[in-house]
Number of protein chains: 2
Amino acid sequence: METETLIPKDRIHTPEACNVAIGAVRDTLYVLNGKWKLPLIVAMQNGPLRFNDIQRALGDITPKILSKELRDLELNEFVIRRVEATKPVTVTYELAEYSKSLNSVINELRIWGIQHKARITSNRRSAVS
Amino acid sequence: METETLIPKDRIHTPEACNVAIGAVRDTLYVLNGKWKLPLIVAMQNGPLRFNDIQRALGDITPKILSKELRDLELNEFVIRRVEATKPVTVTYELAEYSKSLNSVINELRIWGIQHKARITSNRRSAVS
DNA sequence: GATACTACTATCCTAAAGGATACCGGTATC
DNA sequence: GATACCGGTATCCTTTAGGATAGTAGTATC
């Protein structure tokens, strides 16, 4: 007996909504990959920050990683790096206009994270009791 | 001269909205980490799929990775693995209830991906002309 | 002169992610 | 018997992410 696939052939073999969605999500993940890019953007949402301020805000990022991630974000036009001619020189990072396009994404990720944490916590409680 | 930080001390030193947001986003990224989890969930949004169907839908995922990612998703209660007693045995994967909580997240990622791709494409075009 | 802050960079390392290729037992078809 | 599909595993490998630690030049403060 031939095992039938669950998908009609016209669905799996044409590039339609589902495949477009998969591709779009993959595109997004490709740009925002890794542990740090979105949290960094969130950190800057209240205004420009200096290098060490960002490091303190994130708590556990090393300067090497921070430096690399900021460079990535600058290249992708999410962040503007500004060198102020003070003494000593200070460098501020601020969100570029394009970062605003991520507001909805970030908001959903934030909400989901809060709900998920609540769920995990309540699961653990009911497992104990 | 002492360089002043851009942040008032009461903002950086208290755990307030911004830090909560950073934490929540980091929590979400921790659960949904990697290249594949969200695309896999998207692939199953049209209904249950079998192992090889999923592999074909994603196009370039190897069975080893797929197997591991599906196990992760099952552990986190996003996916249900069902073994059908057909001959030969077939295995179907379908979204568990909890996956629905990701609908908004996925939708925003999808929309952003589409817009971002359009932006990149138009940037390239204007660079050529 | 010692110390500390600025914004980093350099070096070394580990762990994890991910991929290539081959293979497995089982069943079915040709 | 050869081939092909099913749902995976096993083995090996490369790449990347990320972290630990130390150090840099410049300026200012004590």
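Atoms considered below: every heavy atom in the structure, side chains included; atoms not considered: hydrogens, waters and symmetry mates. Lettering follows sequence order; numbering is per chain, from 1.
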Notebook entry, point to check: Can you find a side chain N or O atom of Y93(B) that sits less than 4.0 Å from OP1 or OP2 on dG8(D)?
Noted result: yes
Margin query: Tell me whether the side-chain N/O atoms of R81(B) come closer than 4.0 Å to OP1 or OP2 in dG8(D).
Written below: yes
What is the distance, rounded to the nearest whole Å, between atom [atom1] of [X] and atom [atom2] of [N]?
X: N33(A); N: dG18(D); atom1: CG; atom2: P; answer: 8 Å
X: R50(A); N: dC5(C); atom1: CZ; atom2: P; answer: 12 Å
X: D53(B); N: dC6(D); atom1: CG; atom2: C1'; answer: 11 Å
X: Q55(B); N: dT21(C); atom1: CD; atom2: P; answer: 14 Å
X: E84(A); N: dG26(D); atom1: CD; atom2: C1'; answer: 17 Å

Next item on the list: Kindly confirm or rule out a cation-pi arrangement of R119(A) over Y98(B), judged by NZ or CZ under 6.0 Å from the six-membered ring centre and within 45° of its axis?
Entry: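 Judged by the rule (NZ or CZ under 6.0 Å from the ring centre, within 45° of its axis), R119(A) counts as positioned above Y98(B).
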Note to self: Which nucleotide wins on minimum distance to the side chain of N52(B), given the candidates dA28(C), dG7(D), dT27(D)?
What the structure shows: dG7(D)
Notebook entry, point to check: Can a donor-acceptor pair be found between the side chains of S67(B) and R71(B) at a distance below 3.5 Å?
Noted result: yes
Check: Can you tell me how far the NZ atom of K117(B) sits from the OG atom of S122(B), to the nearest 0.5 Å?
Finding: 14.0 Å
Margin query: Let's see if you get this right: which residues in residues 34-42 of chain B place a heavy atom under 4.0 Å from DNA chain C?
Written below: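 Listed by number, they are G34(B), K35(B), W36(B).
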Next item on the list: List in numerical order all residues of residues 63-73 of chain A for which some heavy atom is under 4.0 Å away from an atom belonging to DNA chain C.
Entry: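 Within this stretch, P63(A), K64(A), S67(A), R71(A) sit under 4.0 Å of the strand.
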Under 3.5 Å, which donor-acceptor pairs do the side chains of residues 26-34 of chain A form with other protein atoms, sequence neighbours left out?
residue: R26(A); atom: NH1; partner: L58(B); partner atom: O; Å: 3.4
residue: R26(A); atom: NH1; partner: D60(B); partner atom: OD1; Å: 2.9
residue: R26(A); atom: NH2; partner: D60(B); partner atom: OD2; Å: 3.4
residue: T28(A); atom: OG1; partner: A24(A); partner atom: O; Å: 3.1
residue: T28(A); atom: OG1; partner: L109(B); partner atom: O; Å: 2.7
residue: T28(A); atom: OG1; partner: G113(B); partner atom: N; Å: 3.0
residue: N33(A); atom: OD1; partner: K37(A); partner atom: NZ; Å: 3.4
residue: N33(A); atom: ND2; partner: Y30(A); partner atom: O; Å: 2.6

Next item on the list: For F51(B) and for I61(A), locate the closest nucleotide of DNA chain D by heavy-atom distance; then report the residue assigned to the nucleotide nearer the 5' terminus.
Entry: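 Its nearest nucleotide being more 5', the pick is F51(B).
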